[in-house]
Protein chains: 2
Amino acid sequence: MNHTELLKGTLGTIILRLLEEKGRMYGYEITQLVKEASGETILIKEGSLYPALHKLEADGLIVSEEVFIGKRVRKYYSLTKPGKKATRASVDELLAFMQTIHNLITSELNPSHGAA
Amino acid sequence: MNHTELLKGTLGTIILRLLEEKGRMYGYEITQLVKEASGETILIKEGSLYPALHKLEADGLIVSEEVFIGKRVRKYYSLTKPGKKATRASVDELLAFMQTIHNLITSELNPSHGAA
DNA sequence: AATTTATACATAGCTTTGCGATGTATTGTT
DNA sequence: AACAATACATCGCAAAGCTATGTATAAATT
């Protein structure tokens with residue numbers, strides 16, 4: 001079971017939401033938290049995560065801050081002001097979309113005003 | 001507001017589910033029903049729908065049947081036996097995934113056994 | 001009657017986005 | 001010493017929906 005395609009379009013929102021919740025996080029920490037919180041079902045890969053973080057930063061929604069743990073560097077990310085606003089919009093849109101899909105695939109569609 | 005990316009990975013499932021519900025449908029009818037049932041928020045484009053239908057047919061999950069309405073042709077699609085099975089799996093997977101995402105972006109994540 | 005809109009199919013090429021593979025380096029475990 | 005985990009990064013691939021375009025019939029509007 002590989003929901004790799006389902007994740008498309010949701011990764012940015014997930015990252016923003018986690019930063020909203022936690023204040024600041026670094027990349028590796030995000031992958032571990034998502035893995036943990038999803039019961040090992042959503043495994044964000046480095047090849048997905050880092051480009052996504054860089055894009056969010058380039059868009060001005062998050063900022064990074066390098067912190068050295070011994071000789072190893074960590075890049076902590078946090079939301080900018082525009083990022084906080086974008087997070088709300090993004091989360092709301094995703095929830096609305098998922099609600100719509102849920103209705104679509106679970107309810108019996110009313111044929112009275114359908115096409116055809 | 002463009003959930004074009006969010007739709008990725010869900011279109012096939014939506015089509016299968018609608019066919020399960022309605023028995024048989026033709027392409028244009030699917031676009032109209034989805035548009036209708038989603039309150040005009042999900043607008044499936046021809047460039048998305050027809051390739052998706054062709055792929056489902058190539059995979060043996062649906063079969064088509066041409067019907068002439070006057071001089072105009074309609075291609076009605078319906079589920080095959082494997083398609084019916086796939087529909088259940090596909091719908092269940094999508095629902096589970098959305099539930100997971102919902103938890104991720106709404107609940108407060110417990111930091112007690114998080115990463116870091 | 002002519003024009004526009006809706007119905008109904010289809011495909012080529014673009015863009016986005018997550019992934020696999022690969023690379024570098026430090027730290028912890030066996 | 002060897003291996004796994006931590007922690008960053010990028011390149012090229014593949015999947016999938018979209019735009020634009022094309023063809024054709026039917027209905028609605030002017």
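Letters go in sequence order (proteins before strands), and every chain restarts at 1. No hydrogens, no waters, no symmetry mates; every other heavy atom, side chains included, goes into these values.
A/E65 and A/S78 share no side-chain donor-acceptor pair at under 3.5 Å.
Among the heavy atoms of the strands lying under 4.0 Å from A/K45 are primed sugar atoms or P, OP1, OP2 only; no base atom is included. If you check every strand for non-hydrogen atoms under 4.0 Å, B/G12 touches nothing. Residue contacts shown for A/L49 are absent, as no nucleic acid heavy atom lies under 4.0 Å away.
Rounded to whole angstrom, the span from the NZ atom of B/K55 across to the C1' atom of D/dA15 amounts to 9 Å. Between the C1' atom of C/dC19 and the CD1 atom of A/I42 lies a distance of 15 Å, rounded to the nearest Å. Straight-line distance from the CD1 atom of B/I14 to the P atom of D/dA16: 14 Å, rounded to whole Å. Spacing between atom CG of B/L6 and atom P of D/dA15 amounts to 21 Å, rounded to whole angstrom units. With rounding to whole Å, A/L7 atom CG is found 20 Å from D/dA14 atom P. If you measure from atom CD of A/E29 to atom C1' of D/dC8, you get 15 Å, rounded to the nearest angstrom. For A/L43 and C/dG18, the CG to C1' distance is 13 Å, given to the nearest whole Å. Straight-line distance from the NZ atom of B/K8 to the P atom of C/dC14: 15 Å, rounded to whole Å.
In this structure, B/V63 is not a member of the same hydrophobic cluster as B/I15, with clusters built from ILVMFWY side-chain heavy atoms closer than 4.5 Å.
Within the structure, a side-chain polar atom (N or O) of B/Y26 is placed less than 4.0 Å from OP1 or OP2 of C/dA8.
Counting only distance, with no hydrogens or angles, the side chain of B/H54 and the backbone of B/Y50 share a donor-acceptor pair below 3.5 Å. Without hydrogens or angle criteria, B/E29 side chain to B/Y26 main chain gives a donor-acceptor distance under 3.5 Å. A side-chain donor-acceptor contact under 3.5 Å links B/T10 to the backbone of B/L7.
Looking at which nucleotide of DNA chain C each of A/G9 and B/L53 is closest to, the 5′-most match is held by B/L53.
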Using a cut-off of under 3.5 Å, enumerate the N/O to N/O pairs linking the protein to nucleotides 10-13 of chain D.
unit_1 : atom_1 : unit_2 : atom_2 : d
D/dT10 : OP2    : A/H54  : ND1    : 3.2

Distances under 3.5 Å only, N/O to N/O: pair up the protein atoms with those of nucleotides 27-30 of chain C.
unit_1 : atom_1 : unit_2 : atom_2 : d
C/dT27 : OP1    : A/K71  : N      : 2.9

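Under the side chain to side chain contact (heavy atoms under 4.5 Å, CB included) criterion, B/E21 pairs with A/E108, A/L109, B/R17, not counting sequence neighbours.
A/L43 belongs to no hydrophobic cluster with other residues, because no ILVMFWY side-chain heavy atom falls under 4.5 Å from its own, directly or through intermediates. In the hydrophobic clustering, where aliphatic and aromatic side chains (Ile, Leu, Val, Met, Phe, Trp, Tyr) are joined below 4.5 Å either directly or transitively, B/V73 groups with B/F68.
The stretch residues 80-89 of chain B participates, sequence neighbours left out, in these salt bridge (charged side-chain N to carboxylate O under 4.0 Å, His left out) pairs: B/E20-B/R88, B/R88-B/D92.
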